[in-house]
K.L.:
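I have a structure I would like to understand better, so I am pasting it below and will then ask my questions one at a time.
All values below come from the heavy atoms of this structure, side chains included, with hydrogens, waters and symmetry mates left out. Nothing fancy with the numbering, it's 1 onward along the sequence.
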Amino acid sequence: MSGMVKPMRFNRYSGELRQSDEVIMKCNLALGFANNIDYEITWSGSVMEALALEYDVRLADLDAKTPIDSERGLLTSILSFLRSGDGGECSVKSNCIIESFSSRFEKRITLGGTAPRAAMAANIMGVKGAVHMVNINDHVRRKLPEGIKYVCSAEKDNIYPHLIIQFGKGDSVRLADGTISAPRANRVIYSDDAEAVNMKINEDFTGFMADARAVLISGFNCMRDGDLIKKRAETVRRMLDAARPDCLVYYEDSGFYEHAHRYIIAGEIEHAVSVHGMNEDEISEYIERPVDLLNPRDMSDALVTARQRLSCKTLVLHTRFYAAAYGQNTRELRSALDAGVIMSGGRYCYGDGMDADAYERVKTMKRQDVAINFARELESLLADKAICVPSVDASPEKATTVGLGDTFVGGFLASASMRERYG
């Protein structure tokens, strides 16, 4: 590529930004634009119960929209999600709340964010990716696998942890006036991440985008200022002008703190996006009602409505039962959908232990019967505009529910990047 600017790379050792002297290794994937460190706590019903007693949290207090400006507010939010079985992403007033709450539990520190998790998933499939990051610290340097290139927009080391709450089906907490229990496994994410909120863009990442067969746009969901979101989206749209004509541009939706912000981004980049991806919670936000995931007619209506409201070319929905694509060129995406559900199924079963051998084992697993029947009916209802791939039938002793969408995206894009061309 003529005239390409060499990316700025954060020096792992000196902690200073420098112009890389390396010959840039071409990467099939360019994955942006945010990352973070996760505090994954180990669920403990007894600790939750002790906290509920300490803060006198009762059934009437449970509200998923409660302001999280204290440890009590955080606990109330968590228990609200536990009762409903829903997942979500929420803003916390201060990192001090996250540090205080997480200190009460056993926890693991992991590398989070759609872009790096997708890169690590693609890496398992032998596809190299480059990542744009907004946070850098020793945890990131240690946990990002060798061979994954990156640029970072941060000017110094920083840590803004995201608190990850995972609960399993049937996990329960006894309150003073009743017991709540999770109807299904899910996860909730809490953060106060200054770098993600501002999401500065290092435009040297354009060099990787220009060579990539597939580009991921993600990370806007933590931002809070509509004008700044529009500014960052305009920058990304301008950078996309350098992409190859046959590049697949994938935008992954997420749990936005402000629903209206979704449409700001869509207005700026949707016409340049090949695939708009989301999960069941997010499609419910767009159509403004709950969805029945195993009702083919309800889901066909949901896909049609969401795609119309977004004016997107192709919508990809990934759920615990299946992944579906609706819109243009969907038949070209069956293999990518399949790779995505295998990869996310592997993470569900093996967590951070997911590797190439595990991927091969998951490939041979039976698919969910209810999803097989659903997929057949959905494809019939939407004719040649829809493809649906059932998820694997897995019941691990300890399921991992965080990062499933991210690893789906990584598997999807890794597979999509292997094709000759898209569209």
K.L.:
For the NZ atom on Lys313, are there more than 12 heavy atoms of other groups (residues, nucleotides or ligands in this structure) within a distance under 6.0 Å?
P.N.:
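Yes, enclosed.
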
K.L.:
To the nearest 0.5 Å, how far apart are CZ in Phe208 and NE2 in His132?
P.N.:
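It is 11.5 Å, given to the nearest 0.5 Å.
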
K.L.:
To the nearest 0.5 Å, tell me how far Ile269 CD1 sits from Ile265 CD1.
P.N.:
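With rounding to 0.5 Å, CD1 (Ile269) is 6.5 Å from CD1 (Ile265).
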
K.L.:
Looking at Pro290 and Ser284, what are the two nearest heavy atoms and their distance?
P.N.:
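For Pro290 versus Ser284, the nearest heavy atoms are CA-OG, 4.0 Å.
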
K.L.:
Answer yes or no: are there more than 12 heavy-atom neighbours, outside Lys366 itself, under 6.0 Å from its atom NZ?
P.N.:
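Counting other residues, nucleotides and ligands, NZ of Lys366 exceeds 12 neighbours.
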
K.L.:
Less than 4.5 Å apart, any side-chain heavy atom of Tyr150 and any of Val140?
P.N.:
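No, side chains not in contact.
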
K.L.:
Atom OG of Ser103 and atom CD of Glu71: how far apart are they, to the nearest 0.5 Å?
P.N.:
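So the gap between those two atoms works out to 7.0 Å.
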
K.L.:
Please confirm whether the backbone N or O of Cys96 pairs with a side-chain atom of Ser100, one donor and one acceptor, at under 3.5 Å?
P.N.:
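Not confirmed, Ser100 side chain does not pair with Cys96 backbone.
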
K.L.:
Using the six-membered ring of Tyr286, assess whether NZ or CZ of Arg262 lies under 6.0 Å from its centre and within 45 degrees of the ring axis.
P.N.:
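Flagged: Arg262 positioned over aromatic ring of Tyr286.
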
K.L.:
Quiz question: by atom type and distance under 3.5 Å, do the side chains of Glu252 and Thr114 form a donor-acceptor pair?
P.N.:
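Per modelled atom types, Glu252 and Thr114 side chains form no pair under 3.5 Å.
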
K.L.:
Kindly indicate whether the side chain of Tyr348, heavy atoms from C-beta on, has any atom under 4.5 Å from the side chain of Val392.
P.N.:
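No; the side chains remain at least 4.5 Å from each other.
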
K.L.:
Please answer whether the main-chain N or O of Pro296 pairs with a side-chain N or O of Ser300 as donor and acceptor at a distance below 3.5 Å.
P.N.:
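Flag set: sc Ser300 to bb Pro296 pair under 3.5 Å.
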
K.L.:
With a 4.0 Å cut-off on N to O distance, would you call Asp338 and Arg367 a salt bridge?
P.N.:
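Looking at Asp338 and Arg367, the cut-off is met.
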
K.L.:
Is Lys128 close to Asn28 at the side-chain level, that is, under 4.5 Å between some pair of heavy atoms?
P.N.:
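No; the side chains remain at least 4.5 Å from each other.
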
K.L.:
For Ala306 and Ile283, work out which heavy atoms get closest and say how close.
P.N.:
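Shortest heavy-atom contact: CB-CG1, 3.8 Å.
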
K.L.:
Looking only at atom types and distance, does a side-chain atom of Glu270 sit under 3.5 Å from a main-chain N or O of Gly267, one as donor and one as acceptor?
P.N.:
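No.
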
K.L.:
Identify the two heavy atoms, one from Gly327 and one from Thr314, that lie closest to each other, and give their separation to 0.1 Å.
P.N.:
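Of all heavy-atom pairs spanning Gly327 and Thr314, the closest is C-OG1, 4.0 Å.
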
K.L.:
Would you please test Arg224 and Asp192 for salt bridge (charged side-chain N to carboxylate O under 4.0 Å, His left out) and show each step?
P.N.:
CA-CA 11 Å; Arg224 301 172 189 173; Asp192 175 39; 3.7 Å; yes

K.L.:
Identify which one of Arg238, Lys230, Arg237 satisfies the side-chain hydrogen bond (donor to acceptor under 3.5 Å, both in side chains) criterion when paired with Glu234.
P.N.:
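Only match with Glu234 under side-chain hydrogen bond (donor to acceptor under 3.5 Å, both in side chains): Lys230.
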
K.L.:
Do the non-hydrogen side-chain atoms of Phe220 and Ile229 ever get within less than 4.5 Å of each other?
P.N.:
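When only atoms from C-beta onward are counted, Ile229 and Phe220 do touch, with a gap below 4.5 Å.
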
K.L.:
Would the distance check show the side chain of Asp225 and the main-chain N or O of Leu228 forming a donor-acceptor pair, the cut-off being under 3.5 Å?
P.N.:
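A pair under 3.5 Å: yes.
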
K.L.:
Assess whether side-chain contact (heavy atoms from CB on, under 4.5 Å) is satisfied between His139 and Ile159, documenting all intermediate values.
P.N.:
CA-CA 9 Å; His139 295 300; Ile159 296 180; 3.9 Å; yes

K.L.:
Find out whether Pro161 and Ser102 are in side-chain contact, i.e. whether some heavy atom of one side chain is under 4.5 Å from a heavy atom of the other.
P.N.:
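No - every pair of side-chain heavy atoms lies 4.5 Å or more apart.
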
K.L.:
State the CE-CD1 distance between Met343 and Ile124, to the nearest 0.5 angstrom.
P.N.:
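It comes to 5.0 Å.
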
K.L.:
Any heavy-atom pair between the side chains of Ile387 and Leu333 that's under 4.5 Å?
P.N.:
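Of all side-chain heavy-atom pairs linking Ile387 with Leu333, none is under 4.5 Å.
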
K.L.:
Identify every side-chain donor-acceptor pair in residues 30-37 under 3.5 Å, counting partners at least two apart or on other chains, and give the distances.
P.N.:
| from | atom 1 | to | atom 2 | distance (Å) |
| --- | --- | --- | --- | --- |
| Asn35 | OD1 | Val134 | N | 2.8 |
| Asn35 | OD1 | Asn135 | N | 2.9 |
| Asn35 | ND2 | Asn135 | O | 2.9 |
| Asn36 | OD1 | Gly113 | N | 3.4 |
| Asn36 | ND2 | Asp38 | OD1 | 2.6 |

K.L.:
Let me see the working for Leu111 and Met120 under side-chain contact (heavy atoms from CB on, under 4.5 Å), right down to the final yes or no.
P.N.:
CA-CA 10 Å; Leu111 181 58; Met120 291 188 286; 4.1 Å; yes

K.L.:
Do Leu303 and Leu378 touch side chain to side chain, with heavy atoms closer than 4.5 Å?
P.N.:
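Counting from C-beta outward, Leu303 and Leu378 do come under 4.5 Å.
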
K.L.:
For Phe408 and His318, run ring-ring contact (aromatic ring centres under 6.0 Å, His included): C-alpha distance rounded to whole Å, both residues' side-chain angles, the deciding distance at 0.1 Å, then the answer.
P.N.:
CA-CA 8 Å; Phe408 169 86; His318 46 87; 4.8 Å; yes

K.L.:
Are a donor atom and an acceptor atom from the side chains of His276 and Asp253 found within less than 3.5 Å of each other?
P.N.:
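On atom types as modelled, these side chains qualify, holding a pair under 3.5 Å.
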
K.L.:
Before accepting this row, confirm whether a basic side-chain N of the pair Asp352/Arg108 lies closer than 4.0 Å to the acidic partner's carboxylate O.
P.N.:
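Result for this pair is yes, salt bridge flagged.
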
K.L.:
Report yes if the side chains of Met125 and Met418 come closer than 4.5 Å at any heavy-atom pair, otherwise no.
P.N.:
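Contact flag for Met125/Met418 side chains = yes.
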
K.L.:
May I have the step-by-step check of salt bridge (charged side-chain N to carboxylate O under 4.0 Å, His left out) for Asp298 and Arg289, ending in yes or no?
P.N.:
CA-CA 11 Å; Asp298 186 55; Arg289 65 172 178 81; 2.8 Å; yes

K.L.:
Hey, could you give me the CE/CG distance between Met209 and Leu240, rounded to the nearest 0.5 Å?
P.N.:
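So the gap between those two atoms works out to 4.0 Å.
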
K.L.:
Give a yes-or-no answer on whether the side chains of Tyr190 and Ser77 include a donor-acceptor pair shorter than 3.5 Å.
P.N.:
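Side-chain D/A pair, Tyr190 to Ser77: present.
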
K.L.:
Are the side chain of Thr66 and the backbone of Asp63 linked by a donor-acceptor contact shorter than 3.5 Å?
P.N.:
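It does not hold such a pair.
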
K.L.:
Given side-chain contact (heavy atoms from CB on, under 4.5 Å), test Phe101 with Ile78 step by step and report yes or no.
P.N.:
CA-CA 11 Å; Phe101 187 87; Ile78 293 168; 3.5 Å; yes

K.L.:
If we ignore hydrogens and angles and just use 3.5 Å, is the side chain of Gln368 paired with the main-chain N or O of Pro390 as donor and acceptor?
P.N.:
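Side chain of Gln368 to backbone of Pro390, a donor-acceptor pair under 3.5 Å: no, none is there.
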
K.L.:
Would the distance check show the side chain of Glu195 and the main-chain N or O of Ser153 forming a donor-acceptor pair, the cut-off being under 3.5 Å?
P.N.:
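Flag not set: sc Glu195 to bb Ser153 has no pair under 3.5 Å.
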
K.L.:
Let's go through Lys200 and Arg232 carefully: what are the C-alpha distance in whole Å and the side-chain angles of both, what is the deciding distance for side-chain contact (heavy atoms from CB on, under 4.5 Å) to 0.1 Å, and is it a yes or a no?
P.N.:
CA-CA 8 Å; Lys200 295 178 183 176; Arg232 298 290 189 254; 3.8 Å; yes

K.L.:
Please report the closest heavy-atom contact between Thr319 and Ser391, naming both atoms and the distance.
P.N.:
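Taking Thr319 first and Ser391 second, the nearest heavy atoms are O-OG, 3.8 Å.
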
K.L.:
Which class fits the ring pair Tyr322 and Phe374: parallel under 30°, tilted 30 to 60°, perpendicular over 60°?
P.N.:
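Parallel: the ring planes of Tyr322 and Phe374 meet at under 30°.
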
K.L.:
Looking at residues at least two apart in the chain, or sitting in another chain, which of them share a salt bridge (Lys or Arg N to Asp or Glu O under 4.0 Å) with Glu360?
P.N.:
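Applying salt bridge (Lys or Arg N to Asp or Glu O under 4.0 Å) to Glu360 gives Lys363.
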
K.L.:
Identify the two heavy atoms, one from Glu40 and one from Thr110, that lie closest to each other, and give their separation to 0.1 Å.
P.N.:
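Looking at all heavy atoms of both residues, the closest pair is OE2-OG1, 2.8 Å.
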
K.L.:
Does Thr235 reach the main-chain N or O of Lys231 with its side chain, forming a donor-acceptor pair under 3.5 Å?
P.N.:
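Yes, because the side chain of Thr235 sits within donor-acceptor range (under 3.5 Å) of the backbone of Lys231.
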
K.L.:
Is it true that Arg184 and Asp86 make a salt bridge, defined as a side-chain N closer than 4.0 Å to a carboxylate O?
P.N.:
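Between Asp86 and Arg184 there is a salt bridge, with a charged N closer than 4.0 Å to a carboxylate O.
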
K.L.:
What distance do Ser311 atom OG and His271 atom NE2 have between them, rounded to the nearest 0.5 Å?
P.N.:
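Reported to 0.5 Å precision, the distance equals 12.0 Å.
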
K.L.:
Under 3.5 Å, is there a donor-acceptor pair between the side chain of Arg347 and the main chain of Val402?
P.N.:
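Yes: the side chain of Arg347 pairs with the backbone of Val402.
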
K.L.:
Taking Gln166 for the side chain and Thr401 for the main chain, is one N or O donor matched with an acceptor at less than 3.5 Å?
P.N.:
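Checking the backbone N and O of Thr401 against the side chain of Gln166, a donor-acceptor pair under 3.5 Å is found.
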
K.L.:
Mind checking what makes ring-ring contact (aromatic ring centres under 6.0 Å, His included) contact with Tyr250, not counting sequence neighbours?
P.N.:
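By the ring-ring contact (aromatic ring centres under 6.0 Å, His included) rule, Tyr250 matches Phe412.
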
K.L.:
Please report the closest heavy-atom contact between Arg117 and Asp406, naming both atoms and the distance.
P.N.:
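Where Arg117 meets Asp406 most closely, the heavy atoms are NH1-OD2, 3.2 Å.
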
